[in-house]
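Labels below follow one simple rule: chain letters A, B, ... track the order of the sequence lines, proteins then strands, and each chain is numbered from 1.
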There are 2 protein chains.
Amino acid sequence: MQESKPTKTTIKDIAQAAGVTPTTVSLALNNRPGVSKKTREKIFRLAETLNYEPNFTARSLRSKRSYTLGLFMKNIADPFYPQLAKSISETANDCGYNVILCNVGDDVDLKVKHLKILRGKGVDGIIFTTMLDDDPYVIQLIEESFPFVTAVRHIHINGMNDQIVSVTVDNFSGAYQAIQHLYRLGHDRIGIIAGDERTSTMVDRTAGAGQALLDCGIEPDGKMIAKCNYSRKLAMAATRDFLAMKYRPSAFFAEDDTMAIGVREAVLKAGLRIPEDIALVGFDDIDVAGITGIELTTINQQIIEIGRLSVNLLVDRIEKKSAPLVSKIVLQPELVIRKSCGFHLKGYRTDRVRVK
Amino acid sequence: MQESKPTKTTIKDIAQAAGVTPTTVSLALNNRPGVSKKTREKIFRLAETLNYEPNFTARSLRSKRSYTLGLFMKNIADPFYPQLAKSISETANDCGYNVILCNVGDDVDLKVKHLKILRGKGVDGIIFTTMLDDDPYVIQLIEESFPFVTAVRHIHINGMNDQIVSVTVDNFSGAYQAIQHLYRLGHDRIGIIAGDERTSTMVDRTAGAGQALLDCGIEPDGKMIAKCNYSRKLAMAATRDFLAMKYRPSAFFAEDDTMAIGVREAVLKAGLRIPEDIALVGFDDIDVAGITGIELTTINQQIIEIGRLSVNLLVDRIEKKSAPLVSKIVLQPELVIRKSCGFHLKGYRTDRVRVK
DNA sequence: GTGAAAGCGCTAACAG
DNA sequence: CTGTTAGCGCTTTCAC
């Protein structure tokens, strides 16, 4: 029925059929003023009939707008990221943008390489969830006022800080709550399973945890912190070491749920029980955390909201072409009490619950 | 140091600086014959100095090649898909392509909409992991010989079947193994938690399960199959119903691990134990399946390999511009025995282990 | 309201 | 080996 390989219809074809010029067709199809209602309707009818589909590549070349965003992810297979990816890609689609997924890990060279490609492809903006403190390309992006947002992690650059748009949770507060919760449950020796020290999340969470310890009257102790790079395996190994200590921790705070799962594995493999022997609190509230038998107490970081807001901010920035009005959004985290902390067994120690 | 907003250097600039024409520059930079070594080197040096970065949009417009692929996913937040997305995007990157992620669910209208946009953006090919039996756009894609691959799921269209490239696991065999395994453990009443009937995975797995039952001398029974659409919630509800039956199943086969988790939740909430009271086998071998306390017996479907092969096939198709030599790849699934089936407690019933 | 003409940056024929 | 010419499909002045 359909002739094979009918060359795609272009605005030229429509123009010809309508007896007008491509200019008019372009104006009409883009709903811009300067076209009479009659011709406009005719053009729309013809576009429909001829099965016209716009060529975005040509449009991009001319208008410098691709309606495509880049998304830098550390590792989409890590259970924390998929929800974020979903939220980001769906919000972007709703705004009329597509998303190119770049799974780049924390490898700086790879990030630089992808950045070049994405910019060569003319993406209108980029969402970074992979920002490291020493990422070298950020300053240039700012100087060129290329639109980007950092989500989850943020980055601080002296003198340019209000030009960096970021959406994060209050990581300091989240970690603070986690430690305070464990303290109130009666724990004084708390092992901290920390992330990658080049990330703002690790820095802020570790600081929040440290402050909470101080406020609870516990002297922070370097030996009680293990840097595990947000890796489940490293967290398992570190936990084994902790458990072999003479005065071992009675509780762990893992700076993300993936590491918390690692801690859990190591604890169970050592023949200890959670929470009876060891209490555990994570961070992120990934899906697995809620499954029966896992029931990880953790800090919810509203990941879907982070994704949504990041895209909205980025699109605003792109479309208004203005400097950002809002440059930082900080969401409030929430302690989600499940069973791994032991709260359901014994509640808070009465002498440790002060008014907030 | 850097002047602000230096308009991007183009091959024209390089041509001027080198005293040649854009053509020569284009040939040189694309490593194509017809340029003397000397000019070639000069051009490369200048490209470096002038910090040239190719404009892929312009190239696309001219050459009809975007080095971008589309990826259709049902739900990137479902734990089955992230590994696939990772494998696909990384393989694509290695081949010099980017991937646009389209999280489209099973909504046909949305799929059609995204397909139009992607084609408008000139993607060189598409990987569908969302194919449904009645997806309406497939025939047209084939007729236009637009490159695409279906991964995980396949689709059958009379008369065009060898033009559809697909990479799947042998779903029939996987389900067969699952049921046989449960039978050998002594189970005769096996509840089947089935997926979405419009998917080939559901059809094949259900058929494999049915055949296994027959071969084991068990009459398949419609009341023992619940269609749960690959949804954890529906699987929970169906399991509750199964458990309320007069002669309730002693085992469940869930056609994916997400539903198996749902079964698990429902069974545990009913106060029953896994595997002592109820045996459970899933399908996919997602990451969570291996966690202590979950330890789901399941069928591994080599998801990373599916992703890798899909991209390789697609890229071959695109770059050779030929009809596909290989049109179907079927991987072999593997039964992964953990604890949810109860094998570790009692092993196979000796009277039920026949030579394979 | 509409049209003519130019051009985004690159590649592809074809000539020399 | 290199240059000339044209044009991908669209948008965008600037005239009329």
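- At most 12 heavy atoms of other shown residues, nucleotides or ligands fall within 6.0 angstrom of atom CD in A/Gln16.
- Rounded to a whole Å, the OH atom of B/Tyr67 is 14 Å from the C1' atom of C/dC10.
- Taking only side-chain nitrogens and oxygens, A/Thr57 never comes nearer than 4.0 Å to OP1 or OP2 of D/dC10.
- A straight line from CD1 of B/Ile43 to P of D/dC1 spans 13 Å, rounded to a whole angstrom.
- Between B/Asp124 and B/Arg65 there is a salt bridge, since a side-chain N of the basic residue sits under 4.0 Å from a carboxylate O of the acidic one.
- Using a 4.0 Å heavy-atom distance criterion, B/Gly19 is classed as a sugar-phosphate-only contact.
- With no hydrogens or angles considered, a side-chain donor-acceptor pair links B/Asn93 and A/His114 at under 3.5 Å.
- With DNA chain D read from its 5' end, the first of the two nearest nucleotides for B/Ser36 and B/Lys64 is the one closest to B/Ser36.
- Taking every side-chain heavy atom of A/Thr21 into account, C/dG3 is the closest of C/dT2, C/dG3, D/dG9.
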| query | When every nucleotide of nucleotides 11-16 of chain C is labelled 5' to 3' by its protein contacts under 4.0 Å (heavy atoms), B for base, S for sugar-phosphate only, - for none, what sequence of letters results? | reply | BBB---
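- We find that CD of A/Gln16 is positioned 16 Å from C1' of C/dA4, with the value rounded to whole Å.
- Note on B/Asp106 versus B/Lys74: salt bridge recorded, some NZ/NE/NH1/NH2 to OD/OE distance being below 4.0 Å.
- Computed from coordinates, the A/Leu61 CG to D/dG7 C1' distance equals 12 Å when rounded to whole Å.
- Within the model, atoms CG of B/Leu71 and CG of B/Leu101 stand 5.5 Å from one another, a figure rounded to the nearest 0.5 Å.
- If you check every strand for non-hydrogen atoms under 4.0 Å, A/Thr39 touches sugar and phosphate atoms only.
- A donor-acceptor pair is defined here as one N or O able to donate and one able to accept, closer than 3.5 Å; no such pair exists between the side chain of B/Thr57 and the backbone of A/Leu61.
- If you measure from atom NZ of B/Lys121 to atom P of D/dC10, you get 15 Å, rounded to the nearest angstrom.
- D/dT2 atom P lies 12 Å from atom CD of B/Glu41, rounded to whole Å.
- Separating the NZ atom of B/Lys42 from the P atom of D/dC1 is a distance of 16 Å, rounded to the nearest angstrom.
- Taking the charged nitrogens against the carboxylate oxygens, A/Arg119 and B/Glu53 have no contact shorter than 4.0 Å, which rules out a salt bridge.
- The separation between A/Leu29 atom CG and D/dT12 atom C1' is 16 Å, rounded to whole Å.
- Interatomic distance, A/Met73 CE to A/Ile127 CD1, rounded to the nearest 0.5 Å: 8.5 Å.
- One axis for each end of the helix from C/dG1-D/dC16 to C/dG16-D/dC1, each built from five base pairs, and the angle between them comes to 30° at 10° resolution.
- In this structure, B/Phe56 has its ring center at least 6.0 angstrom away from the ring center of B/Tyr67.
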